[in-house]
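The structure appears right after this line, and notes come after that.
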Number of protein chains: 2
Amino acid sequence: MLITSGPDPDTTAKTGYARGRVKRRQILEAATAVFADVGFNGASLREIAARAGISHPGLLHHFPTKPALLEAVLKHRDEVDTTAFDADIARGVSKFEALLLLAERNQQRRPLVELFMAVGAEATSPAHPAHEYFVNRYEQAVSFFREWFESEELRAGLQPEDAARHMVALMDGLQVQWLMSLGGPPEREVDMAACLRSYLHLVLPA
Amino acid sequence: MLITSGPDPDTTAKTGYARGRVKRRQILEAATAVFADVGFNGASLREIAARAGISHPGLLHHFPTKPALLEAVLKHRDEVDTTAFDADIARGVSKFEALLLLAERNQQRRPLVELFMAVGAEATSPAHPAHEYFVNRYEQAVSFFREWFESEELRAGLQPEDAARHMVALMDGLQVQWLMSLGGPPEREVDMAACLRSYLHLVLPA
DNA sequence: TCCATTGCTTACCAAGTGGTAGGGATTCGG
DNA sequence: CCGAATCCCTACCACTTGGTAAGCAATGGA
């Protein structure tokens with residue numbers, strides 16, 4: 001359904017023995033870090049396997065191909081993120097605040113942000129194994145914001161569609177700036193959440 | 001001065017014979033396309049060389065290493081872009097319009113946009129050969145917009161620094177959305193320039 | 001016309017790539 | 001405690017990677 005459509009390409013599902021499940025999680029974490037550093041094309045299965053404390057055919061035992069591994073990483077992160085967001089909403093937090101919470105959480109998980117940046121940028125090429133995944137992701141994100149803004153009082157003259165595009169673009173773009181700022185002095189670190197908030201206050205005069 | 005600091009790492013400078021200069025330009029074009037497709041780490045010198053109609057040691061004759069080639073590509077594009085922008089300004093075009101013109105020009109040169117996306121995303125890692133280049137680039141871009149907005153009447157409560165960050169983030173983020181939209185139906189293609197304009201009208205009530 | 005510079009080739013290298021084969025351990029339900 | 005499923009290893013495969021060595025041909029200033 002996502003990239004390949006095999007019956008159940010080894011994800012974090014509770015199949016197999018306990019030891020295997022643990023290893024699979026370690027592999028996913030290592031893969032996240034390596035994909036984040038050098039992108040999908042630049043990553044090597046041996047490097048990922050070494051970080052997970054396993055041989056590279058051992059890795060391929062759990063995730064049969066490199067694209068399958070990428071798919072599992074992306075799927076896993078989506079699950080974690082959406083459940084956290086939904087939990088915030090269920091707790092009665094507004095969409096506005098739930099969004100900022102998401103940005104703040106991301107600010108503490110640098111490898112994840114780097115992963116989506118690096119792989120997402122590669123995936124603009126239609127031949128990339130995660131291309132469709134990212135196209136869908138963007139469509140969903142824009143729709144989410146458009147629907148939200150359609151039910152709010154926007155600053156005069158601003159279309160919900162445009163505001164939605166702005167939001168998605170800002171989240172992406174600010175993440176790059178934040179990552180780039182991490183090498184420098186800490187006081188010059190970009191504050192993504194604050195920057196997002198100032199845009200929302202600009203758009204929603206409420 | 002940029003990445004390496006050799007005496008004059010073979011760029012488009014008018015050194016050597018005419019034939020060599022032509023080849024160098026072809027190589028830069030091919031490299032732009034390939035880096036754009038698969039990023040720096042994913043690109044292969046042989047692939048680039050083949051597209052430029054040369055053997056891969058032939059390529060290394062002009063650009064001695066892979067990072068040197070990347071440096072030359074980035075430097076070349078900066079020169080082209082800034083001279084075009086400066087020409088617009090000299091023609092009496094406002095910064096506002098010159099910026100939109102830049103966005104519109106980019107919209108017609110997809111490979112370039114893909115290049116900066118793909119390489120820029122990889123380059124968040126401090127070990128990347130173009131890391132410093134991109135850090136400087138972002139600092140300059142934010143400064144440019146901050147200084148501009150400081151001399152304009154901004155919507156109440158919006159800091160020039162935040163607005164500058166927004167602009168840079170929007171340009172980056174909209175480019176991703178635009179690239180992702182290119183596979184789909186043409187009428188759903190993202191209009192970067194229009195989207196940027198709507199933000200500027202939001203921020204500069206003039 | 002000489003001849004150093006430049007341009008570019010084929011041949012080669014060690015290292016790393018994703019993936020396969022096959023076989024020993026380990027695990028755990030029956 | 002048996003036996004099937006799972007785990008994961010070493011060894012190997014063909015192929016690609018960035019870079020080097022050595023040499024030959026074209027160029028263009030003297």
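Chain letters run A, B, ... following the sequence lines, proteins first, then strands; residues in each count from 1. Nothing here was measured: the structure is a model prediction, and the numbers come from that model.
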Exercise for the section: Could you check whether the rings of F96(A) and H201(A) sit parallel, tilted or perpendicular, using 30° and 60° as the cut-offs? Expected result: tilted
Practice task
Write down the distance between CD (E47(B)) and P (dC15(D)), rounded to a whole number of angstrom.
Solution key: 18 Å
Practice task
Using whole Å, report how far CG of L59(A) lies from C1' of dG19(C).
Solution key: 12 Å
Handout entry: Charged N-O contact under 4.0 Å between E97(A) and R197(A)
Key = yes
Practice task
To the nearest Å, give me how far apart NE2 (H61(A)) and C1' (dC9(D)) are.
Solution key: 12 Å
Problem - Protein-nucleotide distance (N41(A), atom CG; dT16(D), atom P), rounded to Å - result: 15 Å
Problem - Any donor-acceptor N/O pair under 3.5 Å between dG7(C) base and H62(B) side chain - result: no
Exercise for the section: Using whole Å, report how far CZ of F63(B) lies from P of dT6(C). Expected result: 15 Å
Handout entry: Euclidean distance, atom CD of residue Q26(B) to atom P of dG7(C) [Å, nearest integer]
Key = 13 Å
Handout entry: Sugar-phosphate, base or nothing in reach of L45(B), heavy atoms under 4.0 Å
Key = sugar-phosphate
Exercise for the section: Check whether any side-chain N or O of S44(A) sits under 4.0 Å from OP1 or OP2 of dT17(C), and answer yes or no. Expected result: yes
Handout entry: Gap between atom CD1 of I27(A) and atom CD1 of I54(A) - 0.5 Å precision
Key = 4.5 Å
Exercise for the section: Using a heavy-atom cut-off of under 4.0 Å over every strand shown, decide if A43(A) touches base, sugar-phosphate, or nothing. Expected result: sugar-phosphate
Handout entry: Rounded distance (Å) that lies between atom P of dC12(D) and atom NE2 of H56(A)
Key = 14 Å
Problem - Plane angle bin for F35(A) and F40(A) - parallel if under 30°, tilted between 30 and 60°, otherwise perpendicular - result: tilted
Handout entry: dG16(C) base / R46(A) side chain donor-acceptor hit below 3.5 Å
Key = no
Problem - Pairwise 5' ranking along DNA chain C for A18(A) and T65(A), keeping only the more 5' one - result: T65(A)
Exercise for the section: Mind checking S55(B) for me? I need base, sugar-phosphate or nothing, with any heavy atom below 4.0 Å counting as a touch. Expected result: base
Handout entry: Protein-nucleotide distance (R21(B), atom CZ; dT6(C), atom P), rounded to Å
Key = 12 Å
Handout entry: Nearest listed nucleotide, side chain of I54(A), among dC8(D), dA5(D), dC12(C)
Key = dC8(D)
Practice task
Could you say whether R19(B) or P57(B) is positioned toward the 5' end of DNA chain D, judged by the nucleotide with the nearest heavy atom to each?
Solution key: P57(B)
Exercise for the section: Return the nearest nucleotide to the side chain of Y17(B); candidates are dC12(C), dT27(D), dC28(C). Expected result: dT27(D)
Exercise for the section: Would you mind checking if D78(B) and R137(B) are paired as a salt bridge, meaning a charged N to carboxylate O distance below 4.0 Å? Expected result: yes
